[in-house]
Amino acid sequence: MLRSIAAKIINNGIEDAQRSGSIPPDARLNFIIETPREEGFGDYSTNVAFILAPQLKKKPLDIANMLVERMQGSDLCQSVAVAGAGFINFSLRGALWQQLLKDTASKGIESLYPNVGGGRKVLIEFVSANPTGPLHIGHGRGAAVGDVLANLLRKTGHTVGREYYINDAGRQIRTLGRSTFLRLKELKGETVEYPQDLYQGDYVRELARKVMDEGIAVPAGEEEAIDLLSVYASSHIMEGIKNDLREFGVAFDNYFLESSLYASGVVDETLAILRERGIAFERDGALWFKTDLFEKDEDRVLVKSDGENTYFTSDIAYHLDKFKRSYEVLVDIWGSDHHGYIPRLRASVQALGRNKEDLRFLLIQFVTLIKDGKPVGMSTRSGEFTTLREVLDEVGRDACRYFFLMRKSDAHLEFDLDLAKKTSNENPVYYVQYAHARIESIFRNAREAGINTDDLAGADCGLLTLKEELDLIRWITRYHSVLEGAARSLEPHRVTFYLMELVGRFHSYYNKTRVLGNDAALTRARLLLMSTLQGVIRDGLGLVGVSAPEKM
RNA sequence: GCGCCUGUAGCUCAGUUGGAUAGAGCAACGGACUUCUAAUCCGUAGGUCGCACGUUCGAGUCGUGCCAGGCGCGCCA
């Protein structure tokens with residue numbers, strides 16, 4: 001972007017000062033250039049005077065004044081000034097911004113995508129709910145965050161895989177089978193004791209009903225019956241999960257089965273590696289992982305004294321498998337209640353010979369649903385949770401996804417169902433979508449007035465001289481650094497915040513300035529601005545997975 | 001007891017990785033539709049950034065210690 005020009009202006013000033021001896025040639029110059037949050041401060045701001053002050057043993061203010069004098073000569077610069085205790089604020093010539101708009105319009109929105117990843121392969125694992133019950137609202141949040149993060153990383157130069165991991169080798173699915181088995185007996189009129197540690201939700205009754213209605217032949221022996229029902233019930237629930245995800249707009253490249261780790265021998269390979277490196281050791285008849293070689297955490301069991309592997313072992317193997325599939329960076333998105341598990345997994349990655357930075361975590365905090373101003377209780381055990389589907393049916397996909405992306409993922413989220421349902425100004429989703437529709441409406445009117453809106457390439461952007469117009473251009477190009485920051489920090493929520501700010505400036509402009517006017521050249525220039533702006537809004541909404549309506 | 005997360009306007013939350021006079025939405029109050037969509041805009045009001053020290057030119061941001069809330073600490077899955 002234009003940041004490199006900004007850097008050039010400063011560096012020219014510094015070099016000039018160095019030639020005259022005001023700054024020694026060996027001065028350290030690790031200054032930063034930032035865009036001040038206060039608009040009146042100009043396009044860019046630098047702290048270079050503060051960095052030089054201790055080296056030159058001079059006041060920052062004096063250094064700033066000296067540099068400003070030298071920067072004023074630059075023909076790239078519109079204005080330069082010293083502010084505060086020694087900040088240097090400066091703005092670029094409007095023509096530079098106008099040219100940037102023109103470039104963006106002709107090269108497309110993709111030209112604003114930063115290349116953060118350099119083609120690196122990233123695997124994002126998310127949702128990964130076991131098929132023992134429908135997805136609840138918390139899974140939905142994880143799904144939205146993971147999906148948008150995947151979109152974001154792909155746009156910023158990463159090769160992205162999306163994966164859903166299923167613990168099918170453990171006991172949970174068998175517990176589901178047993179639950180279904182007992183509900184089935186109930187349906188047949190038998191009185192049964194239904195233990196607390198089985199799945200309590202009504203969906204188990206529905207599954208049992210389905211088994212009966214479909215006339216499925218259940219073996220007479222209890223264990224055989226449970227075998228069959230485990231498979232039946234879990235695959236049925238998995239279908240439901242995939243269906244919900246599809247409706248939510250989330251697609252996975254791969255559903256990875258825990259059992260496949262055993263079939264392919266990766267588990268054995270993992271244990272062999274850990275043994276060989278002296279990271280696994282025997283104690284009390286069990287095999288342990290020596291965690292504290294890498295992280296501050298307790299040692300953990302890999303193989304129990306009864307010979308069974310723990311989940312930890314499959315998880316290490318799973319991550320080894322991810323690396324073996326040539327993924328360089330792994331992102332695991334977990335419910336925040338699993339955070340205690342992070343140190344050991346981080347340790348295991350290092351045990352496999354990788355850097356701890358190669359595995360990154362995103363924790364998803366709980367969602368509290370608010371209805372009629374009061375929290376809706378939810379507890380998996382009692383079966384009274386709100387499913388993703390219920391929320392989806394109630395508020396729709398756009399509002400649902402947008403709301404999930406309005407918070408940092410590791411912060412609690414209060415999801416106000418009534419607000420999300422409202423088609424009014426209180427609902428932030430519409431604020432952004434409305435801007436898109438409004439611009440579309442301008443174009444409809446333009447075409448009706450006989451303006452050729454397909455051919456705006458020749459428009460004279462030099463006519464866009466209003467403060468608001470230059471400001472809009474700056475905000476459009478800022479998409480670049482927003483994507484960059486969001487991708488680096490794995491914070492997809494930044495995109496929704498940016499969209500709100502961008503669109504706010506549009507609405508304000510729209511109310512103040514007419515795009516379609518008597519001056520044909522000016523109208524064309526403004527249409528080009530609107531078209532580019534609309535492109536960014538559409539692109540941003542697409543990233544979040546929310547529709548960009550042409551009419552509202 | 002130990003560890004992680006959170007604490008910012010009445011409410012819900014941002015805060016550009018240490019920058020300037022801490023921001024937005026909602027709620028409240030007052031204005032703007034004969035002109036491209038009023039699902040919008042303009043204005044007013046609202047603060048001990050949980051508390052206290054420390055690090056430095058500079059702290060909502062980093063460190064230490066408290067306070068409050070949430071979560072986690074098994075040869076469970």
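Please read all numbers here as calculations on a predicted model, not as lab measurements. Note on naming: letters A, B, ... go to the chains in the order of the sequence lines (proteins, then strands), and numbering restarts at 1 for each one.
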J.: What pairs with A:A85 under side-chain contact (heavy atoms from CB on, under 4.5 Å), at least two apart in sequence or on another chain?
T.: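 A:F50.
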J.: Heavy atoms only, 4.0 Å cut-off, all strands: where does A:H338 land among base, sugar-phosphate and nothing?
T.: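 No contact.
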J.: Using a 4.0 Å heavy-atom cut-off, does A:E440 contact any base of the nucleic acid, only the sugar-phosphate backbone, or nothing at all?
T.: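 Answer is nothing: A:E440 stays at 4.0 Å or more from every strand.
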J.: Looking at residues at least two apart in the chain, or sitting in another chain, which of them share a side-chain contact (heavy atoms from CB on, under 4.5 Å) with A:A449?
T.: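 side-chain contact (heavy atoms from CB on, under 4.5 Å) list for A:A449, sorted by chain: empty.
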J.: Give a yes/no answer on whether the side chain of A:Y431 brings an N or O atom under 4.0 Å of OP1 or OP2 in B:C41.
T.: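 Checking A:Y431 against B:C41: at least one side-chain N or O falls below 4.0 Å of OP1 or OP2.
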J.: Remember a base hit wins even if backbone is also touched, and classify A:T513 as base, sugar-phosphate or nothing at under 4.0 Å, heavy atoms.
T.: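 It contacts base atoms.
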J.: Under 4.0 Å, heavy atoms only, any strand: does A:T35 hit a base, just the sugar-phosphate, or nothing?
T.: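 The residue A:T35 makes base contact.
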J.: For A:S45, which residues count as a side-chain contact (heavy atoms from CB on, under 4.5 Å) partner, sequence neighbours excluded?
T.: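 For A:S45 the side-chain contact (heavy atoms from CB on, under 4.5 Å) partners, ignoring immediate neighbours, are A:E34, A:P36, A:F87, A:N89.
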J.: Give the minimum heavy-atom separation between A:A548 and A:R538, together with the two atoms involved.
T.: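 In terms of heavy atoms, the two residues are closest at CB-CG, 4.0 Å.
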J.: Identify whether the glycosidic angle of B:C33 places it syn (within 90° of 0) or anti.
T.: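 Chi for B:C33 falls in the syn range.
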J.: Using a 4.0 Å heavy-atom cut-off, does A:D416 contact any base of the nucleic acid, only the sugar-phosphate backbone, or nothing at all?
T.: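 It contacts nothing in the nucleic acid.
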J.: Among residues at least two apart in sequence or on other chains, which ones pass ring pair (Phe, Tyr, Trp, His ring centres under 6.0 Å) with A:F294?
T.: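 So A:F294 forms no ring pair (Phe, Tyr, Trp, His ring centres under 6.0 Å) with any residue.
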J.: Dot-bracket, 5' to 3', for RNA chain B please: Watson-Crick or G-U pairs under 3.5 Å, [ ] where pairs cross earlier ones, | where the partner sits on another strand, dots elsewhere.
T.: (((((((..((((.....[...)))).(((((.......))))).....(((((..]....))))))))))))....
J.: Not counting sequence neighbours, which residues clear salt bridge (Lys or Arg N to Asp or Glu O under 4.0 Å) with A:D315? List them please.
T.: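 Partners of A:D315 under the salt bridge (Lys or Arg N to Asp or Glu O under 4.0 Å) test: none.
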J.: Atom pairs, N/O to N/O, protein against nucleotides 58-61 of chain B, distance under 3.5 Å?
T.:
none

J.: For A:N47, answer base if it contacts any base atom (sugar-phosphate contacts may also be present), sugar-phosphate if it contacts only those atoms, and nothing otherwise; contact means non-hydrogen atoms under 4.0 Å.
T.: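 Answer is base: heavy atoms of A:N47 come under 4.0 Å of a base.
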J.: Taking A:E298 first and then A:R344, would you say they form a salt bridge - that is, a charged N and a carboxylate O separated by under 4.0 Å?
T.: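 Here A:E298 does not pair with A:R344 in a salt bridge, since their nearest N and O are not under 4.0 Å apart.
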J.: Considering just the side-chain nitrogens and oxygens of A:H507, establish if one lies under 4.0 Å of OP1 or OP2 belonging to B:G25.
T.: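 Indeed not, no polar side-chain atom of A:H507 lies that close.
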J.: Among residues 295-317 of chain A, which contact RNA chain B at a heavy-atom distance under 4.0 Å?
T.: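 Within residues 295-317 of chain A, the residues near RNA chain B are A:R300, A:V301, A:K304, A:S305, A:Y311.
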J.: Tell me, please, which residues at least two apart from A:H493 pass ring pair (Phe, Tyr, Trp, His ring centres under 6.0 Å).
T.: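 If we apply the ring pair (Phe, Tyr, Trp, His ring centres under 6.0 Å) test to A:H493, skipping adjacent residues, the hits are A:F497.
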J.: Partners of A:D268 by salt bridge (Lys or Arg N to Asp or Glu O under 4.0 Å), sequence neighbours excluded?
T.: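 With sequence neighbours excluded, A:D268 shows a salt bridge (Lys or Arg N to Asp or Glu O under 4.0 Å) to no residue whatsoever.
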J.: Could you list the residues that satisfy side-chain contact (heavy atoms from CB on, under 4.5 Å) with A:R407, not counting sequence neighbours?
T.: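 Applying side-chain contact (heavy atoms from CB on, under 4.5 Å) to A:R407 gives A:R141, A:L413.
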J.: Compare the minimum distances between each of B:A14, B:C41, B:A39 and the side chain of A:M552, then state the nucleotide with the smallest one.
T.: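 Closest nucleotide among those given: B:A39.
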J.: Would one find a side-chain N or O of A:Y434 under 4.0 angstrom from OP1 or OP2 of B:A39?
T.: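 True: A:Y434 side-chain N/O within range (under 4.0 Å) of B:A39 OP1/OP2.
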J.: Could you tell me which residues satisfy ring pair (Phe, Tyr, Trp, His ring centres under 6.0 Å) with A:F506, sequence neighbours excluded, listed by chain and number?
T.: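 Partners of A:F506 under the ring pair (Phe, Tyr, Trp, His ring centres under 6.0 Å) test: A:Y510.
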